[in-house]
Amino acid sequence: MTTRTWPATLRAPALAFTDGRLEAVKWLALLCMLLDHVNKYLLAGAEPALFALGRLALPLFGFVLAYNLARPGALARGAYRRLLPRLAAFGALASPSFIALGGLGWGWWPLNIMFTLFVAAAVLWLVEVRSSSAIAGAIVLFLVGGLFVEFWWPALAYILAAWLYCRRPTWLRMVGWLGAAASLYLINDNLWAVAAVPALFLFAGAPVALPRARWIFYAFYPAHLAALWGARALLS
């Protein structure tokens with residue numbers, strides 16, 4: 001019995017990022033998020049262009065998370081054990097400012113984007129374990145966790161789809177990734193998130209690279225929310 005293989009021309013293109021380019025994607029996401037939050041909290045949403053840029057932040061952050069966790073041996077190297085406590089801790093640290101600025105729904109609900117990334121990473125960890133109980137736990141966590149985090153189930157689906165594509169790029173998985181990006185329309189009321197996918201392919205070959213700053217991403221999120229909270233208080 002022979003195994004059918006597809007010609008190379010029919011295979012989906014793989015995404016290959018150097019650490020420096022991936023760091024540049026992270027900084028671009030931080031910039032998009034900052035401009036979106038300045039527009040939301042200080043300018044009362046008066047700048048549509050800044051709002052549109054902000055719709056790229058979650059897809060870019062989610063991709064960086066998915067790409068790093070899709071690296072071979074991520075589970076064995078303890079990547080999840082290091083990542084999950086950091087996301088939870090800095091999400092909790094950001095929560096007072098996030099809530100004081102108005103949050104997104106009612107009081108603490110939904111939880112901020114750090115917890116979105118936390119739930120997504122926890123789902124991926126359970127999927128990586130591959131036991132039947134872990135897979136069942138991943139499904140339950142996806143369904144329940146999506147109710148409590150920013151960008152809800154579409155964000156979790158996007159990160160999962162990006163992770164699957166990075167692990168084994170196929171055209172079917174590309175369709176799934178684009179479909180998950182399009183599902184963010186339910187939250188954003190636009191399709192800007194879809195633009196992040198082709199932009200990432202262009203970015204992978206761009207002549208840009210930044211040195212890795214391990215803790216800046218985590219610290220930036222609560223720090224910028226606290227600064228915006230203070231700035232809004234001064235301006236009011």
Side-chain angles (χ1 to χ4, degrees), residues 17 19-68 83 86-105 108 110-118 120-121 149-152 154-155 158-159 162 181 184 187-197 199-200 202-203 206 208-236:
F17 277 83
D19 287 343
R21 286 197 185 107
L22 199 63
E23 194 71 15
V25 172
K26 190 188 299 181
W27 279 100
L28 178 61
L30 287 172
L31 177 62
C32 289
M33 179 185 69
L34 175 61
L35 293 175
D36 177 51
H37 286 172
V38 168
N39 181 50
K40 179 179 181 178
Y41 297 124
L42 300 184
L43 303 178
E47 298 296 333
L50 297 184
F51 176 82
L53 277 176
R55 301 319 95 200
L56 297 175
L58 180 276
L60 295 177
F61 282 136
F63 172 79
V64 172
L65 177 76
Y67 187 90
N68 279 326
L83 175 67
R86 294 172 188 172
L87 290 172
F90 282 92
L93 188 61
S95 291
S97 299
F98 182 73
I99 294 169
L101 285 166
L104 292 171
W108 60 269
L111 299 170
N112 63 63
I113 194 172
M114 286 290 194
F115 290 107
T116 305
L117 299 177
F118 172 87
V149 297
E150 189 174 359
F151 293 100
W152 298 290
Y158 172 87
I159 295 168
L184 285 162
I187 311 301
N188 297 331
D189 202 28
N190 62 49
L191 290 172
W192 273 98
V194 177
V197 177
L200 284 164
L202 293 174
F203 216 94
V208 294
L210 293 174
R212 189 175 183 187
R214 188 184 300 274
W215 290 99
I216 287 182
F217 163 70
Y218 297 103
F220 184 92
Y221 186 71
H224 96 283
L225 288 178
L228 289 171
W229 182 17
R232 193 173 71 175
L234 289 174
L235 293 172
S236 61

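Just so we're clear, the structure is a prediction, and the values are computed from it rather than from any experiment. Only heavy atoms go into these numbers, but all of them, side chains included; no hydrogens, no water, no symmetry mates.
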Note to self: Under the rule for salt bridge (Lys or Arg N to Asp or Glu O under 4.0 Å), what residues qualify as partners of Lys26, not counting sequence neighbours?
What the structure shows: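 Per chain and number, Lys26 pairs via salt bridge (Lys or Arg N to Asp or Glu O under 4.0 Å) with Glu23.
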Of all heavy-atom pairs between [X] and [Y], which one has the smallest distance, and what is that distance?
X      : Y     : value
Leu43  : Leu50 : CD1-CD1, 4.3 Å
Leu60  : Ala29 : CB-CB, 3.6 Å
Ile159 : Gly62 : CG1-CA, 3.7 Å
Tyr158 : Pro59 : OH-O, 3.0 Å

How long is the span from the [atom1] atom in [X] to the [atom2] atom in [Y], to the nearest 0.5 Å?
X      : Y      : atom1 : atom2 : value
Ile187 : Leu58  : CD1   : CG    : 9.5 Å
Asn68  : Asp19  : CG    : CG    : 7.5 Å
Leu30  : Ile216 : CG    : CD1   : 9.0 Å

Practice problem: Could you list all the side chain to side chain donor-acceptor pair (under 3.5 Å) pairs where at least one residue sits in residues 218-235, not counting sequence neighbours? | Solution: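 Listed once each, the pairs are His37-His224.
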Do [X] and [Y] touch side chain to side chain, with heavy atoms closer than 4.5 Å?
X      : Y      : answer
Val194 : Leu184 : no
Leu111 : Phe118 : no
Leu53  : Leu31  : no
Leu65  : Leu83  : yes

Exercise. Check whether any side-chain N or O of Asn39 sits under 3.5 Å from a backbone N or O of Ala44 as a donor-acceptor pair, and report yes or no.
Key: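 No, the answer is negative, given that no donor and acceptor are paired below the 3.5 Å cut-off.
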* Asked: Between Leu28 and Leu56, is a side chain to side chain contact (heavy atoms under 4.5 Å, CB included) present by the stated rule, with each step listed?
  -> CA-CA 9 Å; Leu28 178 61; Leu56 297 175; over 6 Å; no
How would you list, by chain and number, every residue that makes a side-chain hydrogen bond (donor to acceptor under 3.5 Å, both in side chains) with Asn190, sequence neighbours excluded?
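Expected list: none.
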Discussion item. Using the side-chain hydrogen bond (donor to acceptor under 3.5 Å, both in side chains) criterion, which residues pair with Asp36? Sequence neighbours excluded.
Written reply: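 Expected list: Arg55.
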Is it the case that over 12 heavy atoms from other parts of the model lie below 6.0 angstrom from the CH2 atom of Trp192?
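Counting other residues, nucleotides and ligands, CH2 of Trp192 stays at 12 neighbours or fewer.
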Centroid-to-centroid, Phe17 to Phe63, below 6.0 Å?
->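 Between Phe17 and Phe63, the centre distance is under 6.0 Å.
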Go through the structure and list residues passing ring pair (Phe, Tyr, Trp, His ring centres under 6.0 Å) with Phe61, not counting sequence neighbours.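 Only Phe217 meet the ring pair (Phe, Tyr, Trp, His ring centres under 6.0 Å) criterion with Phe61.
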Show every donor-acceptor pair shorter than 3.5 Å between a side-chain atom in residues 88-104 and any protein atom, with sequence neighbours excluded, or say none if there are none.
unit_1	atom_1	unit_2	atom_2	d
Ser95	OG	Gly91	O	2.8
Ser95	OG	Asn112	ND2	3.4

